[in-house]
Novice: 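Here it is, the structure, as structure tokens.
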Amino acid sequence: MAPKLFYNECSPPCRAVLMVAKAIGLELELEEKDHEELKTEEMLQINPQHTIPVLIDSDEDFTIWDSHAIAGYLVEKYGEDNSLYPKDDIKKRALINQRLFFDDGILFERIKAALYPLKLGTSDQVPEDAADGLIEALGFLESFMGDDPWFGGDDISIADLALLASVSTIEVFFPLEEDRFPKLIDWLNRGKELPYFEECNRKGLDATKDLLATS
Ligand SMILES: N[C@@H](CCC(=O)N[C@@H](CS)C(=O)NCC(=O)O)C(=O)O
């Protein structure tokens, strides 16, 4: 039975998981959930933290949330190889983990600080301190990029897919300046050429654009 994913295409972490599944050729059963639906009795039983994405792998009697944890699980369990999340090279894996934790703990938190006031209607523009936080986070990412094409080195990894979902969302409301973030822009353009990028992200990116247009 295909693992089931509770998701919403507006959510960057959900889109990261959609890309991971495509990258390893895994079919998921998708069930869309709105923000309000996450706090029903039934959903709280599944994930008391009331976040999406949530994955239910019935064959394994296993439920897991947090996109980064889901991504690692899917590659380990369903990937033909573990090139997206190598386990033999512990330094490479540590580097990928650092990027994943950066996406989770820093970047996504700053995206939320920028976009939630618009979503909640408490502001009609990205607050200045949130914008400063985003610029700083993008600067960190620019400095993480060496001469390799991907954040974990020569090969694409789940860290790239998590960061692609986040940075492509930021780009919608915060165009990246060429002279400030040249390596990040090259990496982003490389990511946009992935065969599944548009399919997994377009609807969510357009919804983010609409949110900004109507704020
Ligand atoms: N670190 C989590 C973040 C998940 C998250 O915050 N998802 C948002 C949607 S983008 C959500 O479910 N928000 C609803 C809530 O927190 O009640 C992940 O990577 O999955």
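One is the number of the first residue; the rest follow in order along the sequence. Indexing begins at 1, ligand by ligand and atom by atom, following the structure's order.
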Novice: With sequence neighbours excluded, tell me which residues meet salt bridge (Lys or Arg N to Asp or Glu O under 4.0 Å) with Glu31.
Specialist: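 Salt bridge (Lys or Arg N to Asp or Glu O under 4.0 Å) list for Glu31, sorted by chain: Lys4, Lys33.
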Novice: Just list the N/O pairs, ligand 1 to protein, that are under 3.5 Å apart, with the distance for each.
Specialist:
residue  : atom   : partner : partner atom : Å
ligand 1 : 1 (N)  : Asp66   : OD2          : 2.8
ligand 1 : 1 (N)  : Asp104  : OD1          : 2.7
ligand 1 : 7 (N)  : Ile52   : O            : 2.9
ligand 1 : 12 (O) : Ile52   : N            : 2.8
ligand 1 : 17 (O) : His50   : O            : 3.0
ligand 1 : 17 (O) : His50   : ND1          : 2.8
ligand 1 : 19 (O) : Ser67   : N            : 3.3
ligand 1 : 19 (O) : Ser67   : OG           : 2.6
ligand 1 : 19 (O) : His68   : ND1          : 3.4
ligand 1 : 20 (O) : Ser67   : N            : 2.8

Novice: According to salt bridge (Lys or Arg N to Asp or Glu O under 4.0 Å), does anything in residues 159-187 pair up with another residue at least two apart or in another chain? List the pairs.
Specialist: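 Output for this query lists Glu171-Lys192, Glu177-Arg180.
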Novice: Residues in side chain to side chain donor-acceptor pair (under 3.5 Å) with Asp81, at least two apart?
Specialist: Ser83
Novice: Measure the CG-CZ distance between Asn189 and Phe197 for me, rounded to the nearest 0.5 Å.
Specialist: 10.0 Å
Novice: Could you check whether any side-chain N or O of Arg15 sits under 3.5 Å from a backbone N or O of Glu9, counting only pairs where one atom can act as donor and the other as acceptor?
Specialist: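 Yes: the side chain of Arg15 pairs with the backbone of Glu9.
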Novice: Relative to each other, are the rings of Phe62 and Tyr73 parallel, tilted or perpendicular (30° and 60° limits)?
Specialist: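 Rings of Phe62 and Tyr73: tilted, 30 to 60°.
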